[in-house]
Amino acid sequence: MKTVFVDVDTQIDFLFPAGALYVPGAERLVSGIARLNRHAEAHGIPLISTTDAHSENDPEFRQWPPHCVAGTTGQLKPRETLLAGRTTLGFAAGARAEPAPQTIVEKQVLDVFTNPNFAGLLASLAADRYVVYGVATDYCVRCAVTGLLATGKPVALVTDAIAAVKPEDGARATEAFTSAGGQLTTLAELTS
Ligand SMILES: [Zn+2]
């Protein structure tokens, strides 16, 4: 069974208290997320890392404080979540990424499926199962798992490697996910 790990928006602006759009408690996830990413690398599990890559005056900033502007430190992923072998898949139509252990998929809105090249990446990876973690449970993680479930493949959410903007909204998103057939797993289950 081919598993693909999906690491959602684990970027400095979301993960750390000094970040532009801090997700409460997210800094405590970084070591676990790094462990999951290394686990993927060690076991030949393809890793997709979604990232916000906004322009300076992105339309999204009418709703949210400016964050993850391309070229800023806040847009970067913490070093320990990066694999040595990585490539970036941009959102310009027709962009391609060479196969690599970690594919960083850029997006300008919440839902990674808005990257027109994402469906092609999923097709090329041909996963039998997705394992999803990152931030924020009630926004970008919710969008990612909803789209992945719609592919018809099993999707598991790592409950101790996610964090929500609002805990009650995160709990609601997790409930909706399991009601739709999603599975829950943990760091220990995946990496021990
Ligand atoms: Zn954003």
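Every number for a ligand or one of its atoms is a count from 1 in the order of the listing. All of these numbers come straight from a predicted model, not from anything done at the bench.
Contact annotation: Asp9 places no N, O or S atom under 2.8 Å from the Zn ion (ligand 1). Residue His67 counts as close to the Zn ion (ligand 1), with an N, O or S atom under 2.8 Å.
Side-chain N/O atoms of Ser49 and Gln102 include a donor and acceptor closer than 3.5 Å. Using modelled atom types and a 3.5 Å distance limit, the side chains of Gln11 and His67 yield no donor-acceptor pair.
Within the 4.5 Å cutoff, side-chain heavy atoms of Asp7 are placed close to those of Tyr133.
Asp52 contributes OD2 and His54 contributes NE2; the angle these two atoms make at the Zn ion (ligand 1) is 100°, rounded to 10°.
When the N, O or S atoms of Glu60 are ranked by distance to the Zn ion (ligand 1), OE1 comes first.
In the displayed structure, Glu56 atom CD is contacted under 6.0 Å by at most 12 heavy atoms of other residues, nucleotides or ligands.
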